[in-house]
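Following: one structure in structure tokens, then a few remarks.
As a basis for the values below, the full set of heavy atoms in this structure was taken, side chains included, without hydrogen atoms, waters or symmetry mates. What you are looking at is a predicted structure, and each value in this text was computed from that prediction instead of being measured. By convention in this document, chain letters (A, B, ...) are assigned in the order of the sequence lines, proteins followed by strands, and residues within each chain are numbered from 1.
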There are 2 protein chains.
Amino acid sequence: MSKCEQCIIREFNSLKSLSKEELMNISGCKTSRFIKKGEVIFEEGETLKGVYCVKDGICKLTKLSANGKDQIVKLVVKGDLLGQRSLISDESVNLSAVALNNMEVCFIPKAEIFSNLKNNSDFSMDMLKQMAHDLKESDNVIVNMAQKSVKQRLAEALLYIHNSFGVNKDGILNVVLSREDYASVVGTATESAIRVLSQFKKEGLISTTGKQIKIEDIEGLKRVE
Amino acid sequence: MSKCEQCIIREFNSLKSLSKEELMNISGCKTSRFIKKGEVIFEEGETLKGVYCVKDGICKLTKLSANGKDQIVKLVVKGDLLGQRSLISDESVNLSAVALNNMEVCFIPKAEIFSNLKNNSDFSMDMLKQMAHDLKESDNVIVNMAQKSVKQRLAEALLYIHNSFGVNKDGILNVVLSREDYASVVGTATESAIRVLSQFKKEGLISTTGKQIKIEDIEGLKRVE
DNA sequence: ATTTAGATATGATATTTGTCATGTTTTGAT
DNA sequence: ATCAAAACATGACAAATATCATATCTAAAT
């Protein structure tokens with residue numbers, strides 16, 4: 001079993017504020033887990049017994065709407081923690097997590113997190129900062145959902161994925177989503193997402209090879225309205 | 001000048017986790033301020049030097065969208081804190097706060113908050129819990145914006161205001177918003193908000209006297225689709 | 001009491017988005 | 001390699017929403 005204090009991943013999340021000793025404690029009780037593409041990590045309504053630290057892979061956080069459609073609220077990348085919100089508020093999780101890739105995650109029990117929150121003010125401060133940042137992002141998403149057209153939202157989603165998750169050597173987006181997933185990110189019908197992507201393709205803003213998407217004109221996408 | 005340790009308002013927010021001594025320290029450096037209806041408390045982009053504790057009155061938190069329209073992201077009531085997010089992440093505020101009533105607020109300097117966050121783990125835990133709760137609420141708002149119709153969103157906004165801010169002795173909503181504000185809450189055109197409210201009135205779901213709105217059929221509003 | 005700016009209301013119309021139908025392509029299992 | 005299921009694509013139409021125009025109401029200032 002690999003050791004947390006040697007794991008480079010922790011540099012990307014709040015765990016970086018823990019001391020070597022605290023990390024060794026976590027190492028002693030964490031469990032590692034491999035998750036296949038499409039597999040559910042946890043489901044809306046479950047009660048979590050700890051947090052997941054994403055060591056590799058990408059997953060989506062979705063919420064079921066009253067009309068039965070899933071909405072993708074966030075994409076989670078290597079280095080992020082999963083489930084802190086629910087752990088801290090001591091409520092069941094309000095989102096489901098589904099792997100978009102094969103993933104590797106480490107599970108850290110609740111008690112370990114809480115003891116560090118209580119005893120290490122750097123750690124809790126960092127957690128606070130992370131949540132403050134997430135809240136700001138949420139505000140932005142709310143305004144975009146409320147005020148922008150489907151076309152704009154989809155253009156921004158492509159730019160977001162481009163900037164946050166990067167591209168491979170051929171310039172293709174590292175995150176590969178189905179058209180249905182794109183629809184679920186921007187909150188529209190699958191057919192509408194397909195149409196808009198087709199239009200972007202015609203206009204030379206993107207090119208596609210199956211599900212793979214390459215952004216051809218970043219500035220053009222920014223100008224979509 | 002009134003004293004924080006005797007102020008009942010603190011029971012409604014994270015300040016309740018502070019000791020009597022910590023509260024007396026805050027009392028010593030806080031300043032009280034009266035704000036008139038329509039006045040701006042702070043504006044998007046400003047750098048805050050502390051948080052505001054809302055002692056009386058109601059205000060709206062808005063964000064300017066790229067298209068120039070204001071979006072109301074949240075309504076803030078007596079007892080809430082304003083500006084913690086920005087303070088904690090050490091960034092400029094991402095929202096503007098505008099009074100909907102005459103208000104009284106107390107301003108607590110940044111240093112005071114930070115020192116308590118560092119030294120009192122109950123306080124920082126409570127702050128974390130509050131943020132975790134706000135994040136969950138944000139997720140709900142995102143899904144509603146993305147998946148529900150204007151009619152549904154407006155019905156839910158009315159129910160939300162009813163439940164969170166209550167009614168006066170005649171059953172009229174305590175929060176009085178202009179039609180433009182309602183449009184800005186649900187993210188639609190002012191005319192659309194007016195039309196939907198008119199329709200609700202025709203259907204007997206609400207009654208109106210000028211800006212004042214009374215909910216006549218709670219269950220009916222819940223059933224709107 | 002009168003005036004007047006701003007808010008509310010409503011019709012007509014354009015635009016955006018959703019829904020349903022249907023056909024094509026891709027993918028994965030055998 | 002073949003087949004079935006799923007994903008993708010597109011047309012036709014319906015529904016929701018925005019925009020523009022104009023009329024009426026309300027409240028605040030004089």
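For A/Gln199 and C/dT15, the CD to P distance is 15 Å, given to the nearest whole Å. In this structure, B/Glu225 places its CD atom 11 Å from P of D/dA16, rounding to the nearest Å. Straight-line distance from the NZ atom of A/Lys37 to the P atom of D/dA6: 15 Å, rounded to whole Å. We find that CD1 of B/Ile206 is positioned 14 Å from C1' of C/dA9, with the value rounded to whole Å. We find that CG of A/Leu177 is positioned 20 Å from P of D/dA6, with the value rounded to whole Å. For A/Glu180 and C/dT26, the CD to P distance is 19 Å, given to the nearest whole Å. In this structure, NZ of B/Lys211 is placed 10 Å from C1' of C/dT8, rounded to the nearest angstrom. The interatomic distance linking B/Tyr182 (OH) with C/dA7 (C1') rounds to 15 Å, in whole Å.
At a cut-off of 3.5 angstrom, the base of C/dG18 holds no donor-acceptor pair with the side chain of A/Arg195.
When distances are taken from the side chain of A/Arg179 to each of C/dT8, D/dA9, C/dT19, the shortest belongs to D/dA9.
With a 4.5 Å cut-off on side-chain heavy atoms, A/Asp56 and A/Ile9 do not count as touching. Between A/Lys55 and A/Lys78 the shortest side-chain heavy-atom distance does not fall below 4.5 Å.
Residues from residues 186-194 of chain A lying near DNA chain C, meaning a heavy-atom separation below 4.0 Å, are A/Thr188, A/Ala189, A/Glu191, A/Ser192 in numerical order. For the contact set between residues 138-157 of chain A and DNA chain C, defined by any heavy atom under 4.0 Å, the members are A/Ser149, A/Val150.
For the residue pair B/Gln152/B/Glu156, the side-chain donor-acceptor check at 3.5 Å is not satisfied. Using modelled atom types, one finds no donor on one side chain facing an acceptor on the other under 3.5 Å when comparing A/Glu46 with A/Ser92. Counted by atom type alone, A/Ser149 and A/Arg153 present zero donor-acceptor pairs between their side chains at under 3.5 Å. No donor-acceptor contact under 3.5 angstrom links the side chains of A/Lys214 and A/Ser207, judged on distance only. Looking only at atom types and distance, the side chain of B/Lys201 has a donor-acceptor partner in the side chain of B/Thr208 under 3.5 Å away. Between the side chains of B/Glu91 and B/Ser86, no donor-acceptor pair of N or O atoms lies under 3.5 Å. Using modelled atom types, one finds no donor on one side chain facing an acceptor on the other under 3.5 Å when comparing A/Asp126 with A/Gln130.
Contact between the side-chain N/O atoms of A/Ser198 and the OP1/OP2 oxygens of D/dC8 is not found at any separation under 4.0 Å.
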